[in-house]
K.L.:
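Handing you this structure, nothing more for now.
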There are 2 protein chains.
Amino acid sequence: MEKESLMNAVVADVTARRKGGRQGSRKAGGFTLRDVAKLAGVAPITASRALNTPDAVSAKVLQKVQAAVLQTGYVPNLLAGALASQKSRLVAAVVPTLSGPMFLQTVEALTDTLAGAGYQVMLGQSGYENSREDALLDAIIGRRPDGIVLTGITRSPQARRRLLASGIPVVETWDLTPTPVDMLVGFSHEKIGAAVAQYLHSKGKRRVAAISGDDERSRRRATAFSEAAVRLGMARPQESEVPACLVTAPTTLGNGRSGLRELLQRAPDIDAVFCSSDLLALGVMIEAQASAIAIPGQLAVIGLGDLSFSRDLHPPLTTVRIDGTAIGSTAARFIIDRSEGKSVAEPICDLGFTIIERASV
Amino acid sequence: MEKESLMNAVVADVTARRKGGRQGSRKAGGFTLRDVAKLAGVAPITASRALNTPDAVSAKVLQKVQAAVLQTGYVPNLLAGALASQKSRLVAAVVPTLSGPMFLQTVEALTDTLAGAGYQVMLGQSGYENSREDALLDAIIGRRPDGIVLTGITRSPQARRRLLASGIPVVETWDLTPTPVDMLVGFSHEKIGAAVAQYLHSKGKRRVAAISGDDERSRRRATAFSEAAVRLGMARPQESEVPACLVTAPTTLGNGRSGLRELLQRAPDIDAVFCSSDLLALGVMIEAQASAIAIPGQLAVIGLGDLSFSRDLHPPLTTVRIDGTAIGSTAARFIIDRSEGKSVAEPICDLGFTIIERASV
DNA sequence: ATGAAAGCGCTAACAT
DNA sequence: ATGTTAGCGCTTTCAT
């Protein structure tokens, strides 16, 4: 009876608040920690401790508070907690786009790993132009996240300055630079381009070409690929680069098909194509099939990403595997460690890449 | 000079805070609205108005505040603003998984539309089991978002109750129910199944089969498909359902290949397959190609999703188009309207679907 | 182990 | 148009 009437009193309180009972009141309704504390017969701070550091309160108090929470359906206001404690447990992730499924795994791994540690992910899409990134950055910093995960490295000095000034841990991903804003998890696009050229050469290919998204990272891979190929004698005599076709990012299967047609028109003698994504490579394979070009007999194809479908193609696709999941979980680790006060020993992590040999080369 | 020394004074203040100068001070460092106001020579609330409702202040004040913002690099603390104003400008989105690219478009459209209105998206992955959803929900409600967008309808009565109690606008998506928690944007999975059966029948198919993800919505489509097919006489005599193969969600190309093999083994006479995703359908097409089964000659294939690659396949894939982008932008609209106080007139929106006829049937 | 007081940085309400 | 005051709901600091 005692307890019930107390509950009633608390509920009456809240109900009064909902109606804006007192003049000047701005309370929104819904139970607060004070309500729970009152119900449990303790001070608000004790209720807070019961919820956040259960070890710091007596078993009796713990039990009473938990009962009050259950009775009220109380859900802590993390906004208020964040403001008071300067820890938002929010991490921002910025990707150029979610499509073009390269970043999916990273975002997924990031979200999962962080969720496991009680953090949540705020998503931002910057597009492939840098213009939107600055506005987005302010919106993000305004939320005072405990970390910011960026796709790609930060070019704009303005953005760098703002990021630095915010004091928020930053992880740049999917690329390498000797001068990161803060932490870094990525791999070298230049090395990939060179390694693929080397690989195709070792397989006896002598007339290679590339189809590439026109975003900055893909272009750097394509350039490195072309340079290495020229060095290895895989360009036509007198030519300083291999045939290449730039398509708008994000890359699609259709781009792959039209890319191969274009390439074949310009250079019918090519014997291998490096595609800047597996989707592009699939397009090439489909175009080849439609044009009765044998793969790998007449044309070798190598993709990038090792997406889930690549191993199941016919023939299975040779590709450069990049571990997007590892990028996401490593970035998450970095931020969790940092925000728990541990210093990250080696805040620059080159995850590398692997050429997965399958039947398409 | 005047201004400069004022800036210095303000900076000195902040610097003192950073070091925890005063005893008991918990300030984190970084400029606050008070600093900006002091620099501009106005009261904090005036600075606030200059930033949020520029029309409500004089040109002179506006200019001074803007100058102070520029000088300091001040970024408003949205956490504090949200707490005070009860508007977080945060919207939570929950998807089973980001992979299985059905939900990508929705999340993308949601993020973009909301970003345009000054909102940001918090992402949650629930997995395909309901168990994680409840915990996730509390984490979300705790942030007091201005809206919650759910993928699929809410089954658990517990979750319904909590959602309702929170008073937060909710949009359920990708499905239809007469009893939504709040708002709804989706389409009928049952109607799709029936429509596909009807469509295949009209194309002269008489031995149809299905490959389907084993999540709840795909199963309902498959069941409706089978029932309609039986009604139309497309099952074997004496059989009450058509051959079907359930694969684990999210669906993959590999699942499509193995699914077709399994189906062919159990029922070699099938002349059409309904796949619960375009990726599955692509797998079927590749398996058919590898086994020299002509599409659509020997076997018709119809997918679901109309993903970007589907039109570019060989042959182009007939599929059920679902406008994931419209789902996302409509959900965003609903939430923006609600949170701006407009009541949403028709909070239940059936976006329907379209069968896109291409060459694979 | 528990509590009182004092904010976190901002904005709603009520003056002027 | 601008300012004063009083919170938003929580947690820190410093007692006890």
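Lettering follows sequence order; numbering is per chain, from 1.
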K.L.:
Looking at D182(A) and V171(A), would you say the former's side chain and the latter's main chain have a donor-acceptor pair under 3.5 Å?
P.N.:
no

K.L.:
Take atom CG of L83(A) and atom P of dG9(D), then tell me their distance rounded to the nearest Å.
P.N.:
12 Å

K.L.:
So if I take every side-chain heavy atom of Q86(A) and compare against dG9(D), dG9(C), dG3(D), which nucleotide ends up nearest?
P.N.:
dG9(C)

K.L.:
Test T72(A) against D35(A) for side chain to side chain contact (heavy atoms under 4.5 Å, CB included), laying out the working first.
P.N.:
CA-CA 9 Å; T72(A) 52; D35(A) 299 323; 5.5 Å; no

K.L.:
Calculate the interatomic distance between I45(A) atom CD1 and dC14(D) atom C1'; express it in whole Å.
P.N.:
12 Å

K.L.:
Rounded to the nearest Å, what distance is computed from the CZ atom of residue R89(A) to the C1' atom of nucleotide dC10(D)?
P.N.:
15 Å

K.L.:
May I ask you to verify if any side-chain N or O of N52(B) is less than 4.0 angstrom from the OP1 or OP2 atom of dT11(C)?
P.N.:
yes

K.L.:
Within the structure, does a side-chain N or O atom of T46(A) lie under 4.0 Å from either OP1 or OP2 of dG3(C)?
P.N.:
yes

K.L.:
Are any non-hydrogen side-chain atoms of R161(A) and L163(A) less than 4.5 angstrom apart?
P.N.:
no

K.L.:
Can you measure L78(A) atom CG to dC8(C) atom P for me and round it to whole angstrom units?
P.N.:
21 Å

K.L.:
Send over the distance from L79(B) CG to dC8(C) P, rounded to a whole Å.
P.N.:
15 Å

K.L.:
Does a side-chain heavy-atom distance below 4.5 Å link Y74(B) with L33(B)?
P.N.:
yes

K.L.:
On the nucleotide dC10(C), are OP1 or OP2 found under 4.0 Å from the side-chain N or O atoms that S48(B) carries?
P.N.:
no

K.L.:
Check whether the side chain of R49(A) and the base of dG3(C) form a donor-acceptor pair under 3.5 Å.
P.N.:
yes

K.L.:
Between dG9(C), dC8(C), dT2(D), which one does the side chain of V61(B) approach most closely?
P.N.:
dT2(D)

K.L.:
Would R143(A) and R89(B) satisfy side chain to side chain contact (heavy atoms under 4.5 Å, CB included), going step by step from the backbone distance to the final call?
P.N.:
CA-CA 10 Å; R143(A) 304 260 178 211; R89(B) 294 198 157 261; 3.6 Å; yes

K.L.:
Using whole Å, what does the distance between atom C1' of nucleotide dG3(C) and atom CG of L33(A) come to?
P.N.:
13 Å

K.L.:
Side chain of A84(B), heavy atoms from C-beta onward: which of dT2(C), dG9(D), dG7(D) has the nearest atom to it?
P.N.:
dG7(D)

K.L.:
What is the nucleic acid contact for P44(B), judged by heavy atoms within less than 4.0 Å: base, sugar-phosphate only, or nothing?
P.N.:
nothing

K.L.:
Could you check how far CG of N77(A) sits from C1' of dG9(D), rounded to whole Å?
P.N.:
6 Å

K.L.:
Rounded to the Å, how far apart are L51(A) CG and dT12(D) P?
P.N.:
13 Å

K.L.:
Under 4.0 Å between a side-chain N or O of S58(B) and OP1 or OP2 of dT2(D)?
P.N.:
yes

K.L.:
Between A80(A) and D55(A), which has a closest nucleotide on DNA chain C that is more 5'?
P.N.:
D55(A)

